[in-house]
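What follows is a single structure, written as structure tokens, with notes after it.
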There are 2 protein chains.
Amino acid sequence: MPVEFTIGVFAAEAGVTVETIRFYQRKGLIREPSRALGGIRRYDASDIARVRFVKAAQNLGFSLDEIASLLRLEDGAHCDEARVVAEEKLAGVRVRLADLRRIETVLGMLVDECCALAGHVRCPLISALQNQQGDLAEFRFSIGGHRS
Amino acid sequence: MPVEFTIGVFAAEAGVTVETIRFYQRKGLIREPSRALGGIRRYDASDIARVRFVKAAQNLGFSLDEIASLLRLEDGAHCDEARVVAEEKLAGVRVRLADLRRIETVLGMLVDECCALAGHVRCPLISALQNQQGDLAEFRFSIGGHRS
DNA sequence: CTTAACTCCGTACTTGAGTACGGAGTCAAG
DNA sequence: CTTGACTCCGTACTCAAGTACGGAGTTAAG
């Protein structure tokens, strides 16, 4: 006989808001729970684990849609399908990492120049951004136009 | 006597769409251009540089609002203010980098386990995500709850 | 029995960076 | 002088992941 929660307690327990639970419900991320006579939802511990799964996966960069598909493979029979999803995610993470590293380099350089040349006629940071054949241009192309 | 463009040519030249130009206009990211008699906008080369500035800054992770404030410092007199903005941005980039590195580690581990234990009863990737006291838990806390 | 707290539901709003739409005006070529 | 391409404008829509609202029903305590 599992312990049961109302949505408010459940949400607090899972570390999210009531609205988020209802939202996940609509999205099909957590099962439609049984209801008490008045129509009030009754959750149990397994639902909390489910929400934690969602949050853990989210912290690894999965979108709710991706998490939904991960959950559809939940029985372990489709382990390799899950691995494929995770591998694609990992590849995406590595791309974003590379982007960010380049950004860090450029931004760091600009900040340093800005410090070094303080009092210069023109702000090196801003003029670098403005100058389309400056150092930045090379980076601009290598960073490319894809939005994270 | 600078060369002048209609909005269509200008947008193509700057590598964006007409709608984007109009959008930037509304946002105040590019100046309100002069108009020909029929009310048609006339842009020149300096406007293209401006759009390139926006795009370059965007590639460094600045939001349009941040770019707008950067543009307000354009005269170079406020070089150190621009530097502060860039330094904050750089700090943010470094936080995101650290996050992503942790994510890469965890995701990489999960994928490896998944490969190694193929045919196991339970998918290690999914059960790791499900198990709130697994290796993941530590990472979950260190990764933290901030969304990029 | 009343009151407060909680839950129900659908709907609308938020943010950021654009995209899409649609009717009207304009411009250059033929 | 008509045709087709382009431009004007405001408005509404997109996506993601929720958040907010508001009126009605329910439940537990006093």
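Chain letters run A, B, ... following the sequence lines, proteins first and then strands; every chain starts at 1. Values below: every heavy atom of this structure, side chains too, minus hydrogens, waters and symmetry copies. Computed from a predicted model, the values in this text were never measured in an experiment.
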Checklist entry - What residues in residues 29-39 of chain B put a non-hydrogen atom under 4.0 Å from any atom of DNA chain D? => result B/R35, B/G39
Checklist entry - When you measure from the side chain of B/Q25 to the backbone N and O of B/R31, does any donor-acceptor pair fall under 3.5 Å? => result yes
Next on the checklist: Check this for me: does the side-chain of B/R22 come within 3.5 Å of the base of D/dG10 through a donor and an acceptor?
Outcome noted: yes
Checklist entry - Are any of A/Y24's side-chain N or O atoms less than 4.0 Å away from OP1 or OP2 of D/dA17? => result no
Item to check | Separation of atom CG in B/D65 from atom P in C/dG16, rounded to whole Å | outcome: 6 Å
Checklist outcome for this item: Closest non-hydrogen atoms of A/G108 and B/L90, given as atom of the first, atom of the second and distance, are CA-CD2, 3.8 Å
Item to check | Gap between atoms CG and C1', on B/N59 and C/dA17 respectively (whole Å) | outcome: 14 Å
Checklist entry - Roughly how many Å is it from CZ in A/F62 to C1' in D/dA17, rounded to a whole number? => result 17 Å
Checklist entry - Can you tell me if the side-chain N/O atoms of A/T20 get under 4.0 Å from OP1 or OP2 in D/dT19? => result yes
Next on the checklist: Side chain of B/S63 only, heavy atoms from C-beta on: which candidate in C/dA17, D/dA16, D/dT7 is closest?
Outcome noted: C/dA17
Checklist entry - How far apart are the closest heavy atoms of B/I67 and B/F62, and which atoms are they? => result CG1-CB, 3.6 Å
Checklist entry - Between A/Q58 and D/dG18, does any side-chain N or O lie under 4.0 Å from OP1 or OP2? => result yes
Checklist entry - From the list D/dT19, C/dC8, D/dA16, which nucleotide is the closest neighbour of the side chain of A/F23? => result D/dT19
Next on the checklist: If I take atom CZ in residue B/F5 and atom P in nucleotide D/dC6, what distance separates them, rounded to the nearest angstrom?
Outcome noted: 17 Å
Item to check | Distance test, side-chain N/O of B/T6 to OP1/OP2 of D/dT7, below 4.0 Å | outcome: yes
Next on the checklist: Donor-acceptor pair, distance only, cut-off 3.5 Å: does the side chain of B/R94 make one with the backbone of A/E104?
Outcome noted: no
Checklist outcome for this item: Against the side chain of B/E19, the closest entry in C/dG18, C/dC21, D/dA16 is C/dC21
Item to check | Whole-Å gap separating C1' (D/dA16) and CG (A/L64) | outcome: 8 Å
Next on the checklist: Is there a side-chain contact between B/T17 and the phosphate of C/dT19, meaning an N or O under 4.0 Å from OP1 or OP2?
Outcome noted: yes
Item to check | B/R41 side chain near C/dT26 phosphate (N/O to OP1/OP2, under 4.0 Å) | outcome: no
Next on the checklist: For a salt bridge (Lys or Arg N to Asp or Glu O under 4.0 Å) check, start with the C-alpha distance between B/R102 and B/D99, then their side-chain angles and the critical distance, and finish with the verdict.
Outcome noted: CA-CA 5 Å; B/R102 270 190 296 260; B/D99 280 0; 3.0 Å; yes
Item to check | Taking every non-hydrogen atom, the tightest pair across A/L100 and B/R96 | outcome: CD1-CB, 3.7 Å
Item to check | Most 5' of B/K27 and A/V18 on DNA chain C, judged by nearest nucleotide | outcome: A/V18
Next on the checklist: Side chain of B/I7, heavy atoms from C-beta onward: which of D/dT19, D/dC8, C/dG18 has the nearest atom to it?
Outcome noted: D/dC8
Checklist outcome for this item: Value for CZ (A/F5) from CG (A/D47), rounded to nearest 0.5 Å, stands at 9.0 Å
Next on the checklist: So, OP1 or OP2 of C/dA17: does either fall under 4.0 Å of a side-chain N or O from B/K55?
Outcome noted: no
Item to check | Residue pair B/D44 / B/S46, side-chain donor-acceptor N/O under 3.5 Å | outcome: yes
Checklist outcome for this item: Walking DNA chain D from its 5' end, the first of B/I40 and B/R26 to be reached, judged by nearest nucleotide, is B/I40
